[in-house]
Amino acid sequence: HQDGLPSRGALVPAWLTGLHDANALAHSLRGLHTNGYNLLGLDLKENQAHCWSNRHGHAQHLAPGVYGLSNAALDTPWPKLQRLKQQVHGHLHSPSTTPAGLVDQVLQALTDTEQAADEHLPQTGVALEWERWLSSVFIQTPDGRYGTRCSTVIVVEQTPSQALHLHALEQTWDAHGRPGSRVEHRLEIDR
């Protein structure tokens with residue numbers, strides 16, 4: 001983190017206001033000097049997903065599939081990310097999974113506190129104790145000063161009429177890992 005740089009808070013509105021398409025936003029972001037970020041964007045009208053990062057020097061269109069993003073580059077093979085992607089993939093391909101059920105299953109997967117064995121920990125440059133804490137999907141330090149504070153799940157379902165049903169859930173967590181507020185939205189988008 002470098003003090004004095006512009007807020008990254010303008011990144012999301014730049015995408016959501018529709019002032020830029022994916023390529024124009026990528027070009028605009030290259031000239032923006034901020035602290036590190038990974039940004040995901042969905043263009044539901046065009047049926048596209050995008051990922052931009054100033055840490056890893058990429059702006060890419062994402063083909064359909066299951067991806068994982070943590071505090072590294074897209075799909076960095078950290079144990080927690082691999083485990084989470086496997087769980088999501090399994091839920092997606094279960095014939096009994098409904099969109100609302102998928103939201104709940106993914107939220108449950110995001111609360112996984114299992115830590116990786118020391119021999120599988122990434123070497124990110126922090127102390128071993130921190131590598132252990134950061135190796136779980138749901139992060140919580142014993143003192144509660146650092147950890148997961150929000151989990152967001154977005155599921156987009158295409159209906160037979162080609163409309164899109166968007167299911168979005170945001171769950172907050174307190175410093176002790178207990179659930180806080182939960183906000184859910186369901187939208188229908190005609191294309």
Next item on the list: Could you go through the ring pair (Phe, Tyr, Trp, His ring centres under 6.0 Å) check for Y146 and W133 one step at a time?
Entry: CA-CA 10 Å; Y146 186 86; W133 292 331; 9.0 Å; no
[X] versus [Y], closest heavy-atom pair with distance:
| X | Y | answer |
| --- | --- | --- |
| V66 | K85 | O-CE, 3.6 Å |
| P99 | H167 | CB-NE2, 3.4 Å |
| G101 | T97 | C-CG2, 4.5 Å |
| A116 | H120 | CB-CB, 4.4 Å |
| D190 | A163 | OD1-CB, 3.9 Å |
| A109 | Q87 | CB-OE1, 3.0 Å |

Notebook entry, point to check: Mind checking whether H50 and W52 have parallel, tilted or perpendicular rings, split at 30° and 60°?
Noted result: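 If you compare the ring of H50 with that of W52, the planes turn out parallel.
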If you measure from [atom1] on [X] to [atom2] on [Y], what distance do you get to the nearest 0.5 Å?
| X | Y | atom1 | atom2 | answer |
| --- | --- | --- | --- | --- |
| E184 | Q171 | CD | CD | 9.0 Å |
| Q140 | R145 | CD | CZ | 14.5 Å |
| Q123 | E131 | CD | CD | 6.0 Å |
| L169 | L102 | CG | CG | 11.5 Å |
| T152 | L40 | OG1 | CG | 11.0 Å |
| S53 | L69 | OG | CG | 8.0 Å |

Checklist line | Option passing side chain to side chain contact (heavy atoms under 4.5 Å, CB included) with V156 (candidates L44, N47, L187) | finding: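 The option that passes is L44.
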Under 3.5 Å, is there a donor-acceptor pair between the side chain of [X] and the main chain of [Y]?
| X | Y | answer |
| --- | --- | --- |
| D75 | Y67 | no |
| R55 | A73 | no |
| S94 | H91 | no |
| N38 | A72 | yes |
| R83 | E114 | yes |

Hey, any chance [X] and [Y] share a hydrophobic cluster, counting ILVMFWY side chains that come within less than 4.5 Å of each other, even indirectly?
| X | Y | result |
| --- | --- | --- |
| W173 | L134 | no |
| L81 | F138 | no |
| V106 | I154 | no |
| L39 | L62 | no |
| L107 | V155 | yes |

Notebook entry, point to check: What do the steps show when you test Q158 against Q162 for side chain to side chain donor-acceptor pair (under 3.5 Å), and what is the final call?
Noted result: CA-CA 6 Å; Q158 185 170 325; Q162 299 303 306; 2.3 Å; yes
Notebook entry, point to check: Would you call R182-D104 a salt bridge at under 4.0 Å N-O?
Noted result: yes
In the structure I gave you, are the side-chain heavy atoms of [X] and [Y] within less than 4.5 Å of one another anywhere?
| X | Y | result |
| --- | --- | --- |
| L84 | L110 | yes |
| E46 | D21 | no |
| I139 | K80 | yes |

Note to self: Other residues, nucleotides and ligands only: do more than 12 of their heavy atoms fall within 6.0 Å of NE2 on H61?
What the structure shows: yes
Check: Stepwise, does the side chain to side chain contact (heavy atoms under 4.5 Å, CB included) test hold for T124 with W78?
Finding: CA-CA 11 Å; T124 64; W78 289 353; 3.7 Å; yes
Checklist line | Check against side chain to side chain donor-acceptor pair (under 3.5 Å), T172 and S181 | finding: CA-CA 5 Å; T172 62; S181 63; 3.2 Å; yes
Checklist line | Trace of the side chain to side chain contact (heavy atoms under 4.5 Å, CB included) decision for L128 with L121 | finding: CA-CA 9 Å; L128 178 61; L121 292 173; 3.5 Å; yes
Next item on the list: Might you work through the side chain to side chain contact (heavy atoms under 4.5 Å, CB included) test for L11 and L29, ending with a clear yes or no?
Entry: CA-CA 8 Å; L11 298 175; L29 292 176; 3.3 Å; yes
